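What follows is a single structure, written as structure tokens, with notes after it.
The structure presented is a predicted model; accordingly, all values stated were derived computationally and were not measured. Note on naming: letters A, B, ... go to the chains in the order of the sequence lines (proteins, then strands), and numbering restarts at 1 for each one.
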Amino acid sequence: MDLGIAGRNAIVSGGSKGIGREIARMLLAEGVNVTLAARNAEALEEARVALDAEAPDRVAVASADMTDRAGVEAAVGTARQAFGPVHIAISNVIGTVIKPSEEQGRKGPRSGHFSDLEREDFNIGFRQLFLSAWHLAQAVLPDMRDQRWGRIINIGSKTAREPKWEIPHVLPNMVRPAVAGFQRTLADAVIADGITVNNALTGSIATDRNRSYMAYLADKRGQTVAEVERHHHMTNAIKRAGTPSEMASLILFWCSARASLITGQSVAVDGGHSRHIW
Amino acid sequence: MDLGIAGRKAWLTGDAPCIVQACCDALSAEGVTIARDRNAAATADIIVSALAPRRPVEIEDIDGDARDFLEAWDGLSGLCEAMRGPIAHMSRTGFGRVIFILPDAPKTLEPGEIVGRVLGLGMLGLQKNLGGEYGESGLTANSILYDAARRDDAAMTSEIGALCAYYASRPAAYLTGTVMTVDGGKSRSIF
């Protein structure tokens, strides 16, 4: 299917690894120019070299903190300078922190159960997961309104609809639904300008991150990783993990010219794991 | 119906005075002791937090640093911190009830409600999380959404109070993670 987006310009946050990188690769294959934005300059450069080999001169990178207004504005500035106005923005900031807090960066939210966290932790979680999506949308909307065309997509998590409490996850449990509410509201405000806003809820997708999550659960439960994975996949309809490109394919379709009427939606890519009817 | 909560202690908080009063009346009628003071809350068995509608703000009018959101969310963060003591008490004693009462913004797309919607969805996520984390300790967590346009209407607030007392009751022990809307059927959503 021709997605009709060759020549468009995209920015992908968290684009150096996992799902973000696969989205970037698939956008490039459709003829889109892509700016990858992430904090880790080394991983970013590695991704740039690999992707540039497949799509020469259509990849730019911005090493920036995408949870912070100034970082987001700088990255969007880089994208504009490289290719022109931004048409597609993918916010993909990781929220599920499952490492012990002392290993986490100063700015990242601490993982925790409710009773482990203090007032400021709840605020940090909000800034990280909510304001990252908010600031990216604010930074790209002027371009999209000028072009009268835009695609804003958040890579969220199933937590938006079905919180987890078997892991210390209170911050994503609170903030993911809030992001869905923001996006639903934004969708109404911008559809008249040809801009759609959607939210992909990540299920069990085989990325490095997902593997470290499985290893965490295995350690916690005294099981092998294979046992944890088997149990996890038994609970979805497809009985296996998804691939990054299966996840990214929905994002690509939402980015396409064929999806101009799909907006304000949250859809889980989880192999049928979710139990809600809607 | 005997609600089985005479002698229990409730901590009532929030910025919606008519609703707080209605809950206070309904709980008192069942023999519940009321704590309004945060210090007395440490040994509460029931927490009720009633949120008033936010000052309306349109999405375009939120400033670049998103202060409307940060300020609203910080209030929620403060509530989380204040609830830690009572929740620890509840999980020790094996009986606890958390009841959030919110405007219906999470369920509607009324203009000007974006901040209330974001905040309300955060609270609903918190409620689910609390129910999950402390369910085995006999704690339930539920929410009541109300028609924001009728926030001071006594006919509505007294029903909110009654539902609050039911949620707090002993027979409601298997009801957790739910959201009930008191709006006379205004909401158009199927669920």
Checklist entry - At what distance, to the nearest 0.5 angstrom, does CG of B:Asp63 lie from CD of A:Gln138? => result 10.0 Å
Checklist entry - Within a strict 4.5 Å, meaning less than it, do heavy atoms of the A:Met174 and B:Asn129 side chains meet? => result no
Item to check | Region of B:Leu124 that comes under 4.5 Å of a non-hydrogen atom in chain A | outcome: neither
Next on the checklist: Taking side chain as everything from C-beta outward and backbone as N, CA, C, O, which of these in A:Arg127 sits under 4.5 Å from a heavy atom of chain B? Side chain, backbone, both or neither.
Outcome noted: side chain
Checklist outcome for this item: Tightest non-hydrogen contact, residues A:Ala178 and B:Gly122, listed as CB-N, 4.3 Å
Item to check | Portion of A:Glu118 that has a non-hydrogen atom of chain B nearer than 4.5 angstrom | outcome: both
Checklist entry - Do you know which of A:Leu186, A:Val179, A:Asn173 has the most heavy-atom pairs with chain B at a distance under 4.5 angstrom? => result A:Asn173
Item to check | Interatomic distance, A:His113 atom NE2 to B:Leu130 atom CG [nearest 0.5 angstrom] | outcome: 12.0 Å
Next on the checklist: So, taking the atom named SG in B:Cys80 and the one named CZ in A:Arg119, what distance separates them when rounded to the nearest 0.5 Å?
Outcome noted: 9.5 Å
Checklist outcome for this item: Under 4.5 Å to a heavy atom of chain A? For B:Ile87 that would be side chain
Checklist entry - Where do B:Leu121 and A:Gly181 come nearest, in terms of heavy atoms and distance? => result CD1-CA, 3.3 Å
Checklist entry - Is it the case that more than 12 heavy atoms not belonging to A:Glu166 sit under 6.0 Å from its CD atom? => result yes
Item to check | For the student: nearest non-hydrogen atoms of A:Ser115 and B:Tyr134, plus distance | outcome: CB-OH, 3.5 Å
Checklist entry - Run the side chain to side chain contact (heavy atoms under 4.5 Å, CB included) check on A:Phe126 and B:Phe69 step by step: do they pass? => result CA-CA 9 Å; A:Phe126 182 74; B:Phe69 289 124; 3.8 Å; yes
Checklist entry - Hey, do the aromatic rings of B:Trp73 and A:Phe122 have their centres closer than 6.0 Å? => result no
Checklist entry - Taking all atoms of both residues into account, what is the closest heavy-atom pair of A:Val170 and B:Leu126, and its distance? => result CG2-CD1, 4.1 Å
Next on the checklist: Less than 4.5 Å to any heavy atom of chain A: does that hold for the side chain of B:Glu60, its backbone, both, or neither?
Outcome noted: side chain
Item to check | side chain to side chain contact (heavy atoms under 4.5 Å, CB included) assessment of B:Leu70 paired with A:Asn123 | outcome: CA-CA 8 Å; B:Leu70 286 167; A:Asn123 289 332; over 6 Å; no
Item to check | Heavy atoms of other groups near A:Glu120 CD, more than 12 under 6.0 Å | outcome: yes
Checklist entry - Got a second to check how far A:Lys164's NZ is from B:Lys128's NZ, nearest 0.5 Å? => result 15.0 Å
Checklist entry - Could you go step by step and tell me if B:Arg84 and A:Phe114 meet the side chain to side chain contact (heavy atoms under 4.5 Å, CB included) rule? => result CA-CA 8 Å; B:Arg84 277 170 66 177; A:Phe114 175 75; 4.0 Å; yes
Checklist entry - So do the side chains of A:Phe182 and B:Ile59 get within less than 4.5 Å of each other, counting heavy atoms only? => result yes
Checklist entry - At a heavy-atom separation under 4.5 Å, does B:Leu119 approach chain A through its side chain, its backbone, both, or neither? => result neither
Item to check | Heavy-atom donor-acceptor pair, B:Glu133 side chain to A:Trp165 backbone, under 3.5 Å | outcome: no
